[in-house]
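First comes the structure, then the notes that go with it.
In listed order, ligands and their atoms are each counted from 1.
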Amino acid sequence: MEADETQREPDGLPGRQPAAIILFGPPGSGKGTQAKLLKTVLGIPHISTGDMLRERIASGDELGLRVKDIMQAGRLVPDEVVNQLVADRIAEPDCQRGFILDGYPRTLPQAAELDRLLGERGYRDLVIHLKVDYTKVIARIAGRRVCPVCGTLYSLTSNPPRQPDVCDRDGARLVVRDDDRESVIRERLEAYERLTRPLLDYYAGKGGLLFEVDGSDGTPEEIFDRIRGLLRLK
Ligand code: ADP
């Protein structure tokens, strides 16, 4: 039955507790793309703090107004804001069987808060680190286009739209994300180096599952095959 299919325990993931799969890597490493592919295979929600924040900006609510300038400048939103968003989201019923985190945690206080939440709710964590070199990342981000209507991501080099700057799905004119401009990309990479990369030592020190995946070479599908292999997914 279809409902059983989406609710089953992910194949091959060791252990019996539901998993919080953390996709880790610098901006432009392909976390969002891999998270979407994992979601299709595992049938568990994809939680992207970046997408959640952009939705709040688009809605123009108080939180959106508070984070807009910070995000446009390529800086990190305060920990308590994202911690609350994630805590609320993972309390929803569709997360009971596990979920995929994309872009969270990004600082040590966020990781500590996530540990607390996962412990309280009985999840184990599993980290997938997408390793990429910065020259690739900068080129990838600079070539990134997004549909403002349906959110589909395109890459001018690896996944271009059929017609230049037009969404294949709905014909809307594609845009560059505000924080994908080159001056801002540097700021985002700097924030990653200073605040986020140290989390790798934190997770290595915890002795849990930490997988390293080459995210530089190959198509998104080839990179996904590596993840599948590591997680022993069918
Ligand atoms: P990328 O990984 O390509 O930088 P995201 O969509 O994950 O893109 O993040 C975009 C922006 O959203 C970040 O630069 C930051 O301003 C904000 N953001 C997303 N997740 C977090 C987080 N966990 N903590 C703080 N800020 C965040």
Side-chain angles (χ1 to χ4, degrees), residues 20-36 38-39 46-59 63-90 99-118 125 127-134 136-148 151-155 158 175-200 202-203 215-216 220:
I21 301 178
I22 300 170
L23 279 171
F24 192 89
S29 56
K31 299 185 296 289
T33 304
Q34 297 303 323
K36 288 190 182 88
L38 266 175
K39 176 186 169 172
H46 164 204
I47 302 175
S48 156
T49 41
D51 285 349
M52 287 162 90
L53 291 165
R54 280 186 289 275
E55 276 164 25
R56 301 296 284 265
I57 292 176
S59 81
L63 190 147
L65 290 174
R66 189 171 158 207
V67 302
K68 189 170 186 232
D69 291 346
I70 301 177
M71 281 181 70
Q72 280 188 358
R75 285 181 285 117
L76 293 188
V77 164
D79 290 332
E80 68 273 14
V81 173
V82 276
N83 285 345
Q84 190 63 52
L85 283 178
V86 170
D88 291 347
R89 181 64 187 90
I90 68 179
F99 47 87
I100 302 154
L101 289 170
D102 156 14
Y104 182 90
R106 257 170 149 107
T107 64
L108 282 165
Q110 289 179 24
E113 175 61 8
L114 179 65
D115 277 348
R116 197 188 64 73
L117 282 171
L118 297 183
D125 56 17
V127 182
I128 300 171
H129 174 208
L130 284 168
K131 293 200 302 187
V132 286
D133 61 64
Y134 279 0
K136 280 234 161 97
V137 158
I138 293 170
R140 267 190 202 170
I141 301 180
R144 191 149 77 176
R145 298 291 181 275
V146 60
C147 173
T152 301
L153 282 176
Y154 295 89
S155 155
S158 64
V175 297
V176 177
R177 231 170 71 180
D178 276 337
D179 58 349
D180 278 351
R181 283 169 292 120
E182 204 155 333
S183 55
V184 184
I185 297 172
R186 255 177 269 126
E187 188 70 42
R188 284 161 63 199
L189 290 174
E190 198 275 322
Y192 176 80
E193 277 301 318
R194 192 162 47 88
L195 299 164
T196 309
R197 189 191 274 283
L199 291 187
L200 284 172
Y202 172 82
Y203 281 110
S216 275

Heavy-atom closest contact (Glu80 atom, Arg66 atom, distance):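 Of all heavy-atom pairs spanning Glu80 and Arg66, the closest is OE2-NH2, 3.7 Å.
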Nearest heavy atoms of Pro78 and Ile70, plus distance in Å: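 Looking at all heavy atoms of both residues, the closest pair is CD-CD1, 3.9 Å.
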Residue contacts for ligand 1, heavy atom to ligand atom, distance under 4.0 Å: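 The answer is Pro27, Gly28, Lys31, Thr49, Gly50, Leu53, Arg54, Met71, Arg75, Leu76, Val77, Val82, Gly103, Tyr104, Arg106, Gln110, Arg144, Arg177, Asp179, Arg188, counting any residue whose heavy atom sits under 4.0 Å from ligand 1.
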Donor-acceptor pair, side chain of Lys31 and main chain of Pro26, under 3.5 angstrom: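 Yes; judged by distance alone, with no hydrogens or angles, the pair exists.
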Salt-bridge contact Asp179-Arg75 (side-chain N to carboxylate O under 4.0 Å):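 Salt bridge: no.
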Met71: partners by side chain to side chain contact (heavy atoms under 4.5 Å, CB included), with sequence neighbours left out: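 Met71 satisfies side chain to side chain contact (heavy atoms under 4.5 Å, CB included) with Leu53, Arg54, Ile57, Val67, Val77 once adjacent residues are dropped.
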Test applied, side chain to side chain contact (heavy atoms under 4.5 Å, CB included); reference residue, Thr49; option that passes from Val81, Leu101, Asp102, Val86: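 Only one of Val81, Leu101, Asp102, Val86 forms a side chain to side chain contact (heavy atoms under 4.5 Å, CB included) with Thr49, namely Val86.
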